[in-house]
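Order of the sequence lines fixes the chain letters, A, B, ..., with proteins taken first and strands second; residue numbering starts at 1 for each chain.
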Amino acid sequence: MVPGLRPDDASVFVAENMAASKQPTEPNSSIPEYEFVNVNTKPFHIGSFRDEWLKRLQPRDVSFQPVDQDTFEASFAAEMGLGEETMAELRSVCRLDRLTVGRVPETEDDMIPEGEVILTINIYFPGNFEKFNYVRPHMTLLMTGSHTLAELRDAICCVSDLQVCGEFSSTPDMAPDFISKDIFKSAFFFFEGVFYNDMRYPECQDISSTTIKWTKSQNFPSFSQAKMEDTRFMDLKVKVGFPYLYCHQGDCEHLVIITDVRLVHKGDCLDRKLYPLLTHKNRVLTQKCAVCHVFISRWYTTRDQFAPSDPCLFCDKCFRMLHYDKEGNKLGEFLAYPYVDRGAFN
Amino acid sequence: MDFYRKHVKSDCESLLGRFQQTQSVRFEVFSNIWKEMKFVQIFSGKPTHKKRAFCRLVLDIAYCYFLPPFSFQIRVGGLYLLYSFYHCQTASTSEQLQIRVALKDWEDVKNFEKDAMDAQHLDVVYILKQLMICKAFQFTAMPTLLLYRTKRNEEKPMLCEQFIERASCPQELINTQLLEEMSNIYELYKNMKTNIISQITAPTNTSVNLIRKDIVSQLCSTVMEFYNWQQGRDIFDEHKNIYERTSSQQECSNRAMLLASIKSKAYGEASEASKSRRHRQVETNLTTQEDGSFLKERHSRVMKQSLRNRTDKQIHMLVWVRKP
C-alpha cells in the first residue's frame, strides 16, 4: 500500500463527494404527467393529486372569497418595499379585473368545500346496434371528488335501461311493468384493473366475475373487485384521457373517459345538489311514427299485415287505432314489441 | 377549432417576436405593441357558439409561451399575453374562462416568479399576483382536456427556435469546483492503480485502463467549445492547444498547471448573466441568420425534395410566370 494513503481515505473522499452532488429525486407519481403526449396521462391517485396542489397553494388561492384589491396592493407594496408613487404607476400601467362568481346554493351545507376536486367525465354511447345507423352521442358530466361511482352510474342515461323485453301484442297495456332498469340492476365500472360492481340492491349480481375467471385462465394480470357505492372518486387511481368501461344490462358497454381533473374554482357551480352536473349532451335524431310522422315511435311491429313495412314503427295512438278495436281486442296477425327511441333522453 | 390553432400561434409569435426585439420586459412596452397591432380584434368575428371554444384555444396557446423552454423574456411576454387575453375575453360569453395551470408546471411558475422578484421586475410580479388574486387560474391535472385522440396525425408542434432559452446546463454543471474534485479523484485513482499494478502484474497490461486519460481536460475543453459556439466567439482553438500541451507533461506539475489553467479560463470567461437579465446581452448567435444556419447544419440533414415535388414546383412557377 502507498504509505500515507489508506484505502479508507479514498473511499470516504469519494463517498462524501457523491453525497455532496445532488442526486435527481424520484419522480413523484402523484403529479400527473403524460404517458403519451396529448393523448393520456399515467395513472395517478386523485386524492394525492389534490393534496399535492393544496400543499403548494395558500388557503386564499383556493378560497371562493375574492381578495379586496386594496388589501392586495397594500401587502404587495409591503412585501416588495415600494412607495406609493411606484404603486400608483403600477396601477395605472396594469389594468383592473372583473369578477364573476358561479352559481351559489341557498344553504351553506350545500356548498362545495374549497379545495375539492372536480372531474369532467365523458360517457360514450355503445356501438352495439347493428340495424340502424348508430350515432355515438355522448354526455359530459361534472363530478366532485366526494361523489361515489354509484352516483355516477345513476346519472348516466342510457336507453337500454328503459328497454322492455318481450312480445306484447296480446297485452299492450302491461308493457310498462317490465322496464329493464328495474330487472337487471347489475353494472360495473372498470378502472385500472379493478372492477367496481354495483351491489346496492339484492338483485345485483357480480357480473364481472365471469370476465375475471376468464382472464385468470388466459394469463392476464390479475384483476380485482370493489364496490361501486363504497368508492369515491377521490380514492381512485386513474389516467386522465384514457378510455375505461362502464357496463350495464349485461352487454351494454360504454366508453368512459375522464377528460379533466382540477381543483374547484370560484367560477364553477358551487351548489352540491346540482352535481352530477350535465354540461353536454348530444341530441339524437328520433324515429317518428310511420303513420302520423309527428310523435315519437313507441311500438315496433314485425310480421304485421297492417304495416307498410317490416319492421314498422308506430306511436302509441296510431298503434292502438290500427291494431285494436274499440274494446281492445287484437285485430289481425302481428307481433308487437315496446320500442324505446334512442332519443328518449333528449 | 384546430384550424385556427396554426393562425393564432403565428399571430402570437409575431407579437412576441416584436416584443423580443425591444429587449424589454416592461408591460408598458408590451401593451404598446398590443395596441399597435390591435390584437384585441382576435376575438372579433366569431359566431356566438364558437366564442367559448375559441377563447379556450387562445388561452391554451398563450399558456405554452409562459413555460420553459422559452427564454425569460418570452415567458414574460407569455404572461402578459395571458393577462391581456384573460381580460379581453368577450363579454357576451358572460363567463370568463380561466387559465389552466397543470400541477407539473407549478414549479416552473414559481421559479419564474422568483427570478422576476430577484431582478425586481415589479410589473411582472404585480401582474402574476394580480392574476392569482382575481382567481384567473384553475389548478388542473393537465394543461388541456384529454380525449384519447390517437388517430389524428397531428404535426408535432414546432417551437419557435428564436424564443427558446439558450441552454446553460453544461456550463452550470461542469464548473470549476467539479473539475477540481474530478482531477483530485483522478489523481488518487491513478496513483492507487499504478502502485497496485506495479506490485501485481506487468506494467504494460492494458486491461486495467478503464477510464479515459485526461478526462478532466477533455471535459473542460468540450464545455468551453460549447460555450464559445454559443457566444459566437472563435477562441476554441486556443484552448485546445493549451490542453494538448499540458497533457504531455509530468503528473505532479501537470495537476497544478491544469488547475491553474482551468481557473484562468473560469475567471476569463464571461459569466452567464442571470436568466432574468439575459435578454439584454448582445445576442449574436441565434437571431442572425448565419448562426441560425449553423444550428441547422449541426442538427439536421437537408432533405432533397422528391422529383415529384420539384417538378410540381417548376410547373407552378412556369404557370405563374406565363400568366399575363
*Asks:* So which part of F242(A) gets closer than 4.5 Å to some heavy atom of chain B, the side chain, the backbone, both or neither?
*Replies:*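 Backbone plus side chain of F242(A), per the 4.5 Å heavy-atom cut-off to chain B.
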*Asks:* Below 4.5 Å from any heavy atom of chain B, which atoms of I46(A) appear? Answer side chain, backbone, both or neither.
*Replies:*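 For I46(A), there is no contact with chain B at all, as no heavy atom is under 4.5 Å.
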*Asks:* Please flag which part of R100(B) lies under 4.5 Å from any non-hydrogen atom of chain A: side chain, backbone, both or neither.
*Replies:*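 Answer is side chain: those atoms of R100(B) sit under 4.5 Å from chain A.
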*Asks:* As an exercise: rank T140(B), L131(B), L103(B) by heavy-atom pairs under 4.5 Å with chain A and give me the winner.
*Replies:* L103(B)
*Asks:* Which heavy atom of W53(A) sits nearest a heavy atom of A102(B), and at what distance?
*Replies:* CZ2-C, 3.7 Å
*Asks:* Write down the atom of L122(B), the atom of L82(A), and the distance for their closest heavy-atom approach.
*Replies:*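 That closest heavy-atom pairing would be CD1-CD2, 3.4 Å.
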*Asks:* When rounded to the nearest 0.5 angstrom, what distance separates CZ in R60(A) from CD1 in I133(B)?
*Replies:* 5.0 Å
*Asks:* Near E89(A) CD, under 6.0 Å, is it more than 12 heavy atoms from other residues, nucleotides or ligands?
*Replies:* no
*Asks:* So, taking the atom named CD in Q58(A) and the one named CE in M132(B), what distance separates them when rounded to the nearest 0.5 Å?
*Replies:*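 Answer for the CD-CE pair, Q58(A) versus M132(B), is 8.0 Å.
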*Asks:* Within a reach of under 6.0 Å around CD of E192(A), are more than 12 heavy atoms found that belong to other residues, nucleotides or ligands?
*Replies:* yes
*Asks:* Using a cut-off of 6.0 Å, state whether more than 12 heavy atoms not belonging to K114(B) lie near its atom NZ.
*Replies:* no
*Asks:* Is there side-chain contact between M117(B) and M80(A), with heavy atoms separated by less than 4.5 Å?
*Replies:*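 Side chain of M117(B) against side chain of M80(A), heavy atoms only: contact under 4.5 Å found.
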*Asks:* Would you compute the distance between atom CZ of R262(A) and atom CD of Q138(B) and round it to the nearest 0.5 angstrom?
*Replies:* 4.0 Å
*Asks:* Using a 4.5 angstrom heavy-atom cutoff, name the option from T120(A), N122(A), T86(A), L57(A) with the most pairs to chain B.
*Replies:* L57(A)
*Asks:* For the residue pair L146(B) and K239(A), establish whether any side-chain heavy-atom pair is separated by less than 4.5 Å.
*Replies:*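 With C-beta onward as the side chain, the pair stays apart.
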*Asks:* Mind listing the closest non-hydrogen atom pair of F139(B) and F49(A) along with its distance?
*Replies:*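 Between these two residues, the closest heavy atoms are O-CZ, 4.4 Å.
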*Asks:* Based on non-hydrogen pairs under 4.5 Å, which of D61(A), I257(A), V264(A), V37(A) is most in contact with chain B?
*Replies:*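 Most heavy-atom pairs within the cutoff with chain B belong to D61(A).
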*Asks:* Do you know the tightest heavy-atom contact between K129(B) and E79(A)?
*Replies:*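 Closest approach of K129(B) to E79(A): NZ-OE2, 3.7 Å.
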*Asks:* Can you tell me if CD on E35(A) sees more than 12 non-hydrogen neighbours from other groups inside 6.0 Å?
*Replies:* yes
*Asks:* Can you tell me which portion of F137(B) sits under 4.5 Å from chain A's heavy atoms? Options are side chain, backbone, both or neither.
*Replies:* backbone
*Asks:* Can you tell me which portion of S30(A) sits under 4.5 Å from chain B's heavy atoms? Options are side chain, backbone, both or neither.
*Replies:*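 S30(A) touches chain B through backbone heavy atoms alone.
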*Asks:* Identify which part of D260(A) has an atom lying under 4.5 Å from any heavy atom of chain B, answering side chain, backbone, both or neither.
*Replies:*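 Backbone plus side chain of D260(A), per the 4.5 Å heavy-atom cut-off to chain B.
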*Asks:* Calculate, to the nearest 0.5 Å, the distance between atoms CD and CD belonging to Q130(B) and E73(A) respectively.
*Replies:* 7.0 Å
*Asks:* Are the side chain of K135(B) and the backbone of S63(A) linked by a donor-acceptor contact shorter than 3.5 Å?
*Replies:*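 Yes; at least one donor-acceptor contact below 3.5 Å.
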*Asks:* Looking only at non-hydrogen atoms, find the nearest pair between Y34(A) and T144(B) and report the distance.
*Replies:* OH-OG1, 4.1 Å
*Asks:* Could you list the residues that satisfy salt bridge (charged side-chain N to carboxylate O under 4.0 Å, His left out) with E84(A), not counting sequence neighbours?
*Replies:*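 E84(A) satisfies salt bridge (charged side-chain N to carboxylate O under 4.0 Å, His left out) with R91(A) once adjacent residues are dropped.
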*Asks:* Would a line drawn from the ring center of F72(A) to the ring center of Y126(B) be shorter than 6.0 Å?
*Replies:* yes
